[in-house]
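Only one structure is covered here, and it is reproduced in the block below.
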Amino acid sequence: MPGSVITVRRDQAETLLARIYLWEIVKGCVITARHFWRNLIGYMIGRRRTFVVNWPEEKVGYSPAFRGMPVLVQMENGAERCVACGLCEKACPTDCITIFPEEVGDGIQRRPKVFDIAIDRCMFCGLCEEACPEEAIVMSRRVEVASITKEGCLWHKEDLLTPASELPIRLGHIRNGYDRSPN
Amino acid sequence: MPKGTTVLSAALDAGIHVPHYCFHPKLSIDGSCRMCLVHVEKAPKLQISCNTAATDGMVVKTDTPAVLEARKGVMELLLVNHPLDCPICDQAGECKLQEFAFQHGRGYGRTEDVRRKAPKRTEIGPRVVFDQERCILCRRCVRFTAEISGTRELAVLNMGDRSFISTYPGQPLDNPYSINTADICPVGALLSTEFHHKLRVWFLNETPGVCTSCSRGCNVNVGGYKDRVWRLTPRRNDAVNDTWMCDHGRLNIDYVNDERRARGAALRTATDGFEELPFALAIRRLADWVAEVKAQHGPQSVAVVASPQLTNEEAFLLRRLVRDVWGTSMLAVPVPMGEGDDFLVRPEKAANGRGFADLDVPGASLDQVLDECTAGRVKLLYVIGSEMLSVAGEARVRRALSGVERVVNHDILPTTISDHASLVIGGCTWAEKSGTYTNFEGRVQAIRAAISPPGGNLTEGEVFARLIASHGGASEHFDADRVLRAIAASVPAYGSVTPEAVQPGGVATGDAAQPAA
C-alpha cells in the first residue's frame with residue numbers, strides 16, 4: 001500500500017513465539033513454497049501468474065535505445081572504421097579504453113594497433129559512442145559478458161570488431177539521435 | 001623596455017594574450033599571418049602588433065570590437081582550406097589553429113566550396129613529414145632553417161594562394177636540428193616522423209627535465225605515459241638552449257623503453273645461470289663482499305667505475321660511500337667524448353661530467369682502474385653504467401674484467417659487463433629519478449621523475465644510501481632535496497644551489513655565475 005508507514009519498535013519486548021524463532025522460519029518457508037508451487041503449476045498448465053523469464057533459454061526484447069557493451073564497427077572490407085583518434089578514450093569516465101594508433105599503408109591514414117576495453121570497468125554509459133566522429137564505436141545489444149578472470153574481461157580489437165550488418169538497430173538509432181553528417 | 005621592442009613582445013611579457021602564428025620570440029619578424037592585429041590609437045587602421053615598435057605613451061587596445069572582428073576574419077580565411085582531419089592529426093591538442101579557432105573563430109564555416117587538395121604526406125627529410133593541406137604559410141620553418149640552423153633547405157615556392165613550403169630539389173631537410181621545425185609549426189603541417197601517429201598528445205604527462213645526451217643540458221619536457229617516455233620536446237631556457245634542441249638528443253630515448261631493461265637484482269649461480277634476489281639481499285651481498293675483500297686485500301682492492309649520467313645527489317652519496325666508507329680512491333668516472341658543433345651539441349656525451357668534477361668524485365682515471373684490474377690487484381669491481389665500454393673499448397674492458405674475481409654491474413641494459421658480472425642490479429634512467437645535473441658551464445638544473453622504473457628498480461641514490469646504511473652509516477631513505485641541501489652546505493661553489501632555486505631554469509655556478517664580459 002503506497003504511503004502507509006510501518007514503525008518498527010525494536011525496543012519493545014518480542015513475544016515468546018518470535019523469540020523462539022523457529023516459527024518465523026516456518027512462516028518464511030511457507031511463503032517461498034507457495035510461490036514455487038503456484039509458479040510450477042502455472043507453468044505446467046500454461047497459465048502463469050508470476051512474471052518469470054527463464055534466462056538463458058528465454059530472453060526479453062530490448063528497446064532500440066538499449067545500450068549493451070561497446071563494440072567496434074567493421075566495414076565490409078573487414079577493416080575497422082576506427083581511426084584511433086582517442087576521443088572515446090578521453091571521453092570514457094571509467095578509463096576502460098586503451099588505444100595505441102599505428103600508420104596504415106601510405107602513412108596518411110591510421111588505425112588502432114591496440115584497442116582494448118576493460119569490460120569489467122565499463123559502465124555502459126555510451127559516452128564513447130557519442131564522442132566518436134566516425135560512428136566506429138557503438139553500443140551493441142550484448143550484455144552477457146561476465147568472466148571469471150581479469151584477462152577474460154579485457155576485450156581486444158579482434159574480439160570487439162563486429163560487422164555493421166549485425167548492428168542495424170543501434171546504428172539506425174544513433175543516426176536519429178546524434179547524426180554528424182552536414183545538414 | 002629596450003628600444004625596438006614590438007607591441008606584441010611587450011604585450012606577451014606583460015601577460016596579455018594576443019593570438020599569433022608567424023611570430024616566434026627567437027626568429028625574425030615576418031608579419032605574414034595577420035592574426036596579431038591590434039588597435040593602436042591615432043593609427044587609421046588596425047596594426048599587426050608583431051611588427052609595430054612600442055613607443056612611450058602609446059595606447060594599444062587588444063579587445064575592441066574591430067579587433068575581435070578582424071581576428072574572426074583572419075581565422076575564417078585560414079580555415080577556408082584547412083582540412084578537417086583533427087581526429088587523426090598529431091598536432092591536435094597543442095595546435096594553435098585549434099586553440100584560436102575555439103577562442104576567436106566564428107564556430108561555423110560559410111563557404112560551400114570544396115577544400116583545396118594537396119599532398120598529404122611528403123617526406124621532406126629523414127625525420128620530418130610535411131602535410132601541405134594543413135600548412136598556413138606562417139614561414140616559421142623557413143626562417144628557422146635560414147636563421148638558426150643556417151642550412152636554408154626550406155623555401156616558399158609559387159605565389160598567392162598557390163604558394164607552398166618545399167625543400168629545394170635534391171636537398172632534403174636533413175640538418176641536426178630539423179625536428180625543431182615540427183615544434184615551431186603552429187599547426188600539424190610539419191611533424192616528427194618518429195612520433196607520427198604514435199599517441200594523442202593530451203595523454204602525455206609533460207615533466208620538466210634536462211636532456212642527457214650531452215653536457216649542454218638542454219631543457220626539455222619529458223612526455224611520459226603508461227611508464228614509457230614517448231617524446232622529448234625542448235623547453236625554453238634562454239640561458240641554455242633558447243627554444244631548441246638537437247635531433248639526436250630528442251630521439252635518444254629508446255633505451256628508456258627497451259624491453260631488455262634490467263628488472264630487479266640477480267646473482268650468478270654455480271651453474272652459470274642467474275637467480276633473482278630481492279634488492280635488500282643484493283645490497284647486503286655487495287656490502288658483505290666489500291667487507292670481505294677489504295679485510296683480505298686492503299681497501300684499494302675494491303674499485304668503482306661510475307656513470308657520469310648519475311645526478312649530483314647520487315654522485316655526492318657515491319663519493320661518501322666509496323671514498324669515505326669503503327676507503328678506496330679507485331673511483332673512475334669515464335666521460336665518453338664525441339663530436340660537438342658550434343651551436344648546441346657538446347663533445348662530452350654525458351649529462352653530468354661537470355657535476356662529478358665539481359663534487360670531486362673521481363679518485364682515479366679509468367686507465368688506472370682498468371690496468372689494476374688487468375694486473376689482478378682489483379678483487380671487486382663495482383660498475384655503474386656502461387660508459388667505460390665506449391671510452392676504453394670492448395676488448396680492453398673484457399680483458400680487465402677477466403682479471404677481477406667479482407664484478408658487480410649496476411646498469412639498465414645487458415652488456416659485456418653484465419656477461420662477466422657475479423651480481424647484477426637493475427638501475428634507473430634519468431626519466432625515473434629526481435635530482436640535479438650540472439651542465440658544462442656550471443649551471444645546475446633539476447630533473448624530476450616522469451615515469452616509474454621497470455620492475456620496481458631502486459634509484460641509484462637509494463642503493464647508495466642503503467649501502468652506506470649497511471656499513472653502519474645513518475639509515476635514511478634517499479631524498480634528492482635533502483642531499484642537495486647537504487651538498488650546498490659542504491661544497492662552497494654550490495652554496496646557492498637549493499631545491500627551491502634550481503626550479504625551473506637552474507642555478508648558475510662557477511664560470512656561468514660570472515656576468516658575460
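Every chain is numbered from 1, with letters handed out A, B, ... down the list of sequences. All values below come from the heavy atoms of this structure, side chains included, with hydrogens, waters and symmetry mates left out.
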Check: If you check every heavy atom in residues 83-119 of chain B against those of chain A, which residues fall under 4.5 Å?
Finding: B/Pro87, B/Ile88, B/Asp90

Checklist line | Pairs meeting criterion ring-ring contact (aromatic ring centres under 6.0 Å, His included) with involvement of residues 105-149 of chain A, two or more places apart | finding: none

Margin query: Between B/Asn252 and B/Leu232, is the side chain to side chain contact (heavy atoms under 4.5 Å, CB included) condition met? List the steps.
Written below: CA-CA 9 Å; B/Asn252 192 15; B/Leu232 298 184; over 6 Å; no

Check: Does B/Asn457 reach the main-chain N or O of B/Gly264 with its side chain, forming a donor-acceptor pair under 3.5 Å?
Finding: yes

Next item on the list: Would you check, one step at a time, whether the test side chain to side chain contact (heavy atoms under 4.5 Å, CB included) holds for B/Leu173 with B/Phe130?
Entry: CA-CA 11 Å; B/Leu173 179 65; B/Phe130 175 55; over 6 Å; no

Next item on the list: Start with the C-alpha gap between A/Ile137 and A/Ile117, add the side-chain angles, then the distance that decides, and say whether side chain to side chain contact (heavy atoms under 4.5 Å, CB included) holds.
Entry: CA-CA 11 Å; A/Ile137 185 168; A/Ile117 297 182; 4.2 Å; yes

Check: Applying a criterion of heavy atom separation less than 4.5 Å, what residues of residues 142-169 of chain A form contacts with chain B?
Finding: none

Notebook entry, point to check: Under 3.5 Å, is there a donor-acceptor pair between the B/Asn175 and B/Glu153 side chains?
Noted result: yes

Next item on the list: May I ask you to decide whether A/Glu135 forms a salt bridge with A/Arg170, counting only side-chain N to carboxylate O separations under 4.0 Å?
Entry: no

Checklist line | Residues B/Arg127 and B/Glu194 bridged, charged N to O under 4.0 Å | finding: no

Note to self: Tell me every residue that passes ring pair (Phe, Tyr, Trp, His ring centres under 6.0 Å) with A/Tyr62, counting only those two or more places apart in sequence or in another chain.
What the structure shows: A/Phe66

Next item on the list: Give, as side chain, backbone, both or neither, the part of A/Glu103 having an atom under 4.5 angstrom from any heavy atom of chain B.
Entry: both

Margin query: Given heavy-atom pairs under 4.5 angstrom as the criterion, report whether the side chain, backbone, both or neither of A/Lys90 touches chain B.
Written below: both

Check: When you look at B/Leu157 and B/Arg162, which way does the side chain to side chain contact (heavy atoms under 4.5 Å, CB included) test go after all the steps?
Finding: CA-CA 8 Å; B/Leu157 305 190; B/Arg162 289 191 178 78; over 6 Å; no

